Amino acid sequence: MTNELWTLARGVEAAVREVGAKLAARRSTEPLTARTLEEAGARFAELDGPAAAELRQRLTALHPRAGWVPEELDGSVPAEGEWWLCDATDGAVQYLLGHPHWAVTAVLVRDGAAVLAVVHAPELDGGRTYRAVLGGGAELDGRPIAPLERELAITVAATSQPPRVAGDPVALRRAGDSLSAMAGAVLAVRNLGPTALQVAQVASGHLALFWEYGRDAGNLLPGALIASEAGAAVTDAAGAAWTAGADSFLAAAPGLHARALEVLRTVG
């Protein structure tokens with residue numbers, strides 16, 4: 001089964017790389033001049049719509065028995081069956097502003113858990129691609145990766161918020177409280193763009209840890225698989241095994257995980 005998934009992962013990588021190249025090329029030839037939220041939304045739909053349609057077409061051809069997670073599920077995933085959960089332009093704000101921290105993501109979910117994930121950042125360091133399959137490890141640009149152990153005090157940690165965190169007052173408060181707590185424990189805290197990419201960067205040691213409050217399965221699933229397959233500890237903020245339905249998330253190098261949990265447990 002692992003070999004079958006790796007074969008599929010190579011096809012998925014080709015698809016996301018092609019979609020990413022087209023998005024990057026189109027932005028470079030058509031400057032983004034939106035000045036209002038309405039203009040930005042319209043411009044994003046113009047660019048993202050065709051890219052999302054192409055990604056869906058190519059992945060359906062690769063693995064037609066998998067369905068597509070309905071938009072009305074808002075990023076959550078069905079508990080049974082095989083499903084594609086993808087984002088042609090993960091990190092829309094960064095993409096629209098001309099920053100390189102955006103990605104094309106694709107994850108195959110089987111019975112509620114990710115079994116294959118690809119995260120491709122077309123404009124980051126000339127293009128970086130993470131991929132992983134369940135039980136088969138994780139890679140960056142075709143090479144095996146692992147988290148980097150270091151003291152918490154000299155680490156760069158990252159965080160983000162789910163798209164609709166403003167509607168979850170508990171998650172919103174915890175996000176603010178945890179930011180204050182973590183900022184006092186690490187060298188620096190950053191929000192570098194799309195959640196999936198940041199979690200994947202924990203897997204490769206570019207970041208020491210990533211945490212988040214609120215339900216955000218659609219954005220967390222790709223990076224969570226990559227991080228866990230690379231050897232990172234992936235849990236919720238209380239230390240329990242992370243699942244797609246969890247209301248918090250923490251990925252960290254194994255040697256840092258316990259200390260990061262101590263910091264987050266100060267958040268009520």
Side-chain angles (χ1 to χ4, degrees), residues 90-91 93-95 97-103 105 119 121 123-130 132 138-141 143-163 165 171-214 216 219-220 222-240 242 246-268:
D90 189 15
V93 173
Q94 288 76 21
Y95 178 79
L97 292 176
H99 296 303
H101 290 87
W102 60 278
T105 68
V119 175
E123 296 185 291
L124 187 63
D125 299 330
R128 309 303 298 269
T129 307
Y130 291 88
E139 299 176 344
L140 171 58
D141 298 332
R143 297 181 179 181
I145 52 176
L148 181 62
E149 299 288 0
R150 53 178 79 95
E151 292 182 4
L152 189 64
I154 61 168
T155 63
V156 175
T159 189
S160 188
Q161 299 83 40
V165 70
L172 190 62
R173 177 184 57 78
R174 287 175 172 170
D177 291 348
S178 63
L179 178 59
S180 297
M182 195 65 74
V186 302
L187 183 65
V189 175
R190 300 286 184 263
N191 185 338
L192 299 173
T195 296
L197 180 57
Q198 293 187 91
V199 179
Q201 288 176 312
V202 174
S204 58
H206 290 89
L207 292 170
L209 64 93
F210 176 93
W211 87 95
E212 184 179 271
Y213 284 95
D216 196 16
N219 289 316
L220 288 166
L225 178 64
I226 293 167
S228 62
E229 286 296 325
V234 177
T235 67
D236 65 15
W242 183 80
D247 63 359
S248 61
F249 179 88
L250 171 64
L256 291 172
H257 185 260
R259 180 70 182 96
L261 279 177
E262 290 178 6
V263 174
L264 294 180
R265 283 170 178 159
T266 66
V267 178

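Hydrogens, waters and symmetry mates play no part in the numbers below; they use all other heavy atoms, side chains included. Keep in mind it's a predicted model, so treat the numbers as computed, not measured.
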Hits for salt bridge (Lys or Arg N to Asp or Glu O under 4.0 Å) against Glu262, two or more places apart or cross-chain, chain-then-number order -> Arg259

Checking the side chain of Gln198 only, and the main-chain atoms of Gly193 only, is there a donor and an acceptor separated by less than 3.5 Å? yes

Minimal heavy-atom distance between Thr266 and Ala181, with the atoms involved, is OG1-CB, 3.8 Å

Nearest heavy-atom contact between Gly231 and Pro147 is C-CG, 3.9 Å

If only atom types and distance count, is the side chain of Arg128 paired as donor or acceptor with the main-chain N or O of Asp141 below 3.5 Å? no

Which of Leu197, Val119, Thr105 passes side chain to side chain contact (heavy atoms under 4.5 Å, CB included) with Asp90? It is Thr105

Let's go through Tyr130 and Val199 carefully: what are the C-alpha distance in whole Å and the side-chain angles of both, what is the deciding distance for side-chain contact (heavy atoms from CB on, under 4.5 Å) to 0.1 Å, and is it a yes or a no? CA-CA 11 Å; Tyr130 291 88; Val199 179; over 6 Å; no

### Message
What I want to check is whether the side chains of Tyr213 and Ser178 have a donor and an acceptor closer together than 3.5 Å.
### Response
no

Can you list the steps and then say if Leu207 with Leu192 is a side-chain contact (heavy atoms from CB on, under 4.5 Å)? CA-CA 10 Å; Leu207 292 170; Leu192 299 173; 4.0 Å; yes

CG of Leu209 to CG of Leu264, rounded to nearest 0.5 Å, is 8.0 Å

In short, side-chain hydrogen bond (donor to acceptor under 3.5 Å, both in side chains) pairs touching residues 229-239 with sequence neighbours left out are Thr235-His257

Looking only at heavy atoms, the pair that brings Ala157 and Met182 closest together is CB-CG, 4.3 Å

The reported gap from CZ in Phe249 to OG1 in Thr159 (rounded to nearest 0.5 angstrom) is 10.5 Å

Closest non-hydrogen contact found for Leu261 with Ala237 is CD2-O, 3.4 Å

OH (Tyr95) and CD (Glu123) are apart, to the nearest 0.5 Å, by 7.5 Å

Nearest heavy-atom contact between Val234 and Ala224 is CG2-O, 4.0 Å

Here the gap from Glu212 atom CD to Thr195 atom OG1, rounded to the nearest 0.5 Å, amounts to 4.5 Å

In terms of heavy-atom contacts, Leu152 and Thr155 come closest through O-OG1, 2.7 Å

Whether the side chain of Ser160 engages the backbone of Asn191 through a donor-acceptor N/O pair (distance < 3.5 Å, no angle test) should be reported.
no

Rounding to 0.5 Å, atoms CG (Asp177) and CG (Leu172) come to a distance of 9.5 Å

Worksheet item: Hey, are the side chains of Asp247 and Arg174 touching, using non-hydrogen atoms and a 4.5 Å cut-off?
Response: yes

- [ ] Answer whether the closest heavy-atom distance between the side chains of Leu124 and His206 falls below 4.5 Å.
- [x] no

* Answer yes or no: does atom CZ of Arg190 have more than 12 heavy-atom neighbours from other residues, nucleotides or ligands under 6.0 Å? => no

